[in-house]
Number of protein chains: 2
Amino acid sequence: MQEERADAARNRKAILEAADDLFATSDSPSEVSMDDIARAAGVGKGTLFRRFGDRRNLIQQVFAVRLAPLREQIESGPPPLGPDTPPRERVSAIIDAIAVFKLDNAHLMLVLEEGSGPTNDLHESPDYVAVHGLLRDLVASEFEKSRASWIAHSLLANIRADLLGHLVKGEGMSHSDIRLSLRDFVAHTLDY
Amino acid sequence: MQEERADAARNRKAILEAADDLFATSDSPSEVSMDDIARAAGVGKGTLFRRFGDRRNLIQQVFAVRLAPLREQIESGPPPLGPDTPPRERVSAIIDAIAVFKLDNAHLMLVLEEGSGPTNDLHESPDYVAVHGLLRDLVASEFEKSRASWIAHSLLANIRADLLGHLVKGEGMSHSDIRLSLRDFVAHTLDY
DNA sequence: TCAGAATACGGACCGATGGTCCGATTGTCA
DNA sequence: TGACAATCGGACCATCGGTCCGTATTCTGA
């Protein structure tokens, strides 16, 4: 792998920023087209596709940038998210943090889930697999071993982006309403 | 509203059958195009769109046909699905029945969830709203009133089609594995 | 039975979109 | 500075959902 040429690097950054901005700004982020992004980045379409391959990948990269801080907190940050936290407390903190992240990035989550064909199963994305694995192990380390995987899936199912979005927009719950209900629910689930 | 002309009725049936067959047969049902369906039904594209308006609606109609028996069982069938069932038992039976239905119709579920833009929120579809309302009321009638809605959402989140599909294809669980785990989990959830 | 109105048919056509291609351009390094 | 490789950019392509309208079919009622 060679070094990336200066113009290439510059364009990649411009594209990433333009895309993030468009997704964040647009009323319906999933309708932002690749041409829109190229135009906003001041770049040709060919450049865009050469850098990112396809739409899916571009979206994932934009997402990864936003996710990085949370990911790092969980992987190596201080309690209550980091590794030096008792399992039960950590599970609860992680679920809460992911929920907050999704609520704060609702627009991006929509774009991310847009292509839900067989080629794009949420449950096989690296992020999902990683967090599910972590939760599973945490649950197994102190509670029900045999059902740990199921419990982890279930916890994550309760904070799917579209469900959270519905609770806010369709049922008028505030973010703190949701976090409170979620906290109780997680506690109860962990009493399995 | 006039009577439907004979050729119109014939074509509607042909389209519905062709679509159902294509979705059931195809490896990736969400890639079945409207042209494919029109061709398979031996019908022009115009006819297809005049009858069904758009792709979404056609898919919903195909789905509705398959869903009808289950819907009726729940609305007015005998126990354990019908109304003459104690709430707790009925909730459990309904969740199980929906899970089985989704497992049996995995391909259709994929197509149904394909367009997940802001215009297509699962949680606002009539079917979801109906079953959520029913579960909410059942839960509220005997257990936690204040959290009934949340619990209903949570129960349904555990049987999302893509999650079930992952458990089967990604984790190799059998249908009965899933039903057993689900049964326990629902029981525990209802002990709130 | 038949004519004429009402309705439905079907496939050419359209606009948008993700993605590709290749001649022109720019960065890099000796 | 020169020359080669990497990059650029936008015209171009295929596909898809959806529309349009001249033609064909069905229905009505006398």
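Convention: sequence-line order gives letters A, B, ...; per-chain numbering from 1.
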* Asked: Tell me: CZ of B/F49 to C1' of D/dC21, nearest whole Å?
  -> 17 Å
* Asked: Roughly, in whole Å, what's the span from CG in A/L48 to C1' in C/dC21?
  -> 16 Å
* Have A/T25 and A/H107 got a donor and an acceptor in their side chains that come within less than 3.5 Å? -> no
* To do: Using atom CE of A/M34 as one end and atom C1' of D/dC13 as the other, report the distance to the nearest whole Å.
  => 17 Å
* **Listed nucleotide nearest any side-chain atom of A/T47, set D/dC16, D/dC8, D/dT19** => D/dC8
Could you go through residues 137-144 of chain B and list every donor-acceptor pair under 3.5 Å that involves a side-chain atom there, pairing it with any protein atom two or more places apart or in another chain?
residue, atom, partner, partner atom, Å
B/S141, OG, B/L138, O, 2.7
B/E144, OE1, B/S146, OG, 3.4

* Structure fact -> Separation of D/dT7 atom C1' from A/I15 atom CD1, nearest Å, is 12 Å
* **Closest-nucleotide ordering on DNA chain D, the 5'-leading residue of B/G46 and B/R10** => B/G46
* **Minimum-distance nucleotide (side-chain atoms of A/D54 versus C/dG10, D/dG18, C/dG19)** => C/dG19
* Find the distance A/K45:NZ to D/dA11:C1' and express it as a whole number of Å. => 10 Å
* Out of C/dG19, C/dG11, C/dT17, which has the shortest distance to the side chain of A/S33? -> C/dT17
* Atom CD of A/E31 to atom P of D/dG17: distance rounded to whole Å? -> 16 Å
* To do: Would you check if there is a donor-acceptor pair between the side chains of B/S174 and B/S176 at a distance under 3.5 Å?
  => yes
* Think A/N11 has a side-chain N or O under 4.0 angstrom from the OP1 or OP2 of D/dT7? -> no
* Compute whether any side-chain donor of one residue and acceptor of the other, for B/E89 and B/S92, lie under 3.5 angstrom apart. => no
* Side-chain contact, heavy-atom cut-off 4.5 Å: A/I95 with A/L156? -> yes
* Asked: Cut-off 3.5 Å, side chains only: do B/Y128 and B/H153 have a donor facing an acceptor?
  -> yes
* To do: Look at A/R50 and C/dT20 and indicate whether a side-chain polar atom (N or O) is within less than 4.0 Å of OP1 or OP2.
  => no
* When the distance from CG of B/D35 to P of D/dG18 is rounded to whole Å, what number comes out? -> 11 Å
* Just how far, in rounded Å, is P of C/dG10 from CZ of B/R39? -> 14 Å
* Check whether any side-chain N or O of A/R51 sits under 4.0 Å from OP1 or OP2 of D/dC8, and answer yes or no. => yes
* To do: Check whether more than 12 heavy atoms from other residues, nucleotides or ligands sit under 6.0 Å from atom CZ of A/R66, and answer yes or no.
  => yes
What protein N or O atoms touch nucleotides 28-30 of chain C N or O atoms at under 3.5 angstrom, if any, and at what distances?
residue, atom, partner, partner atom, Å
C/dT28, OP1, A/A6, N, 3.2

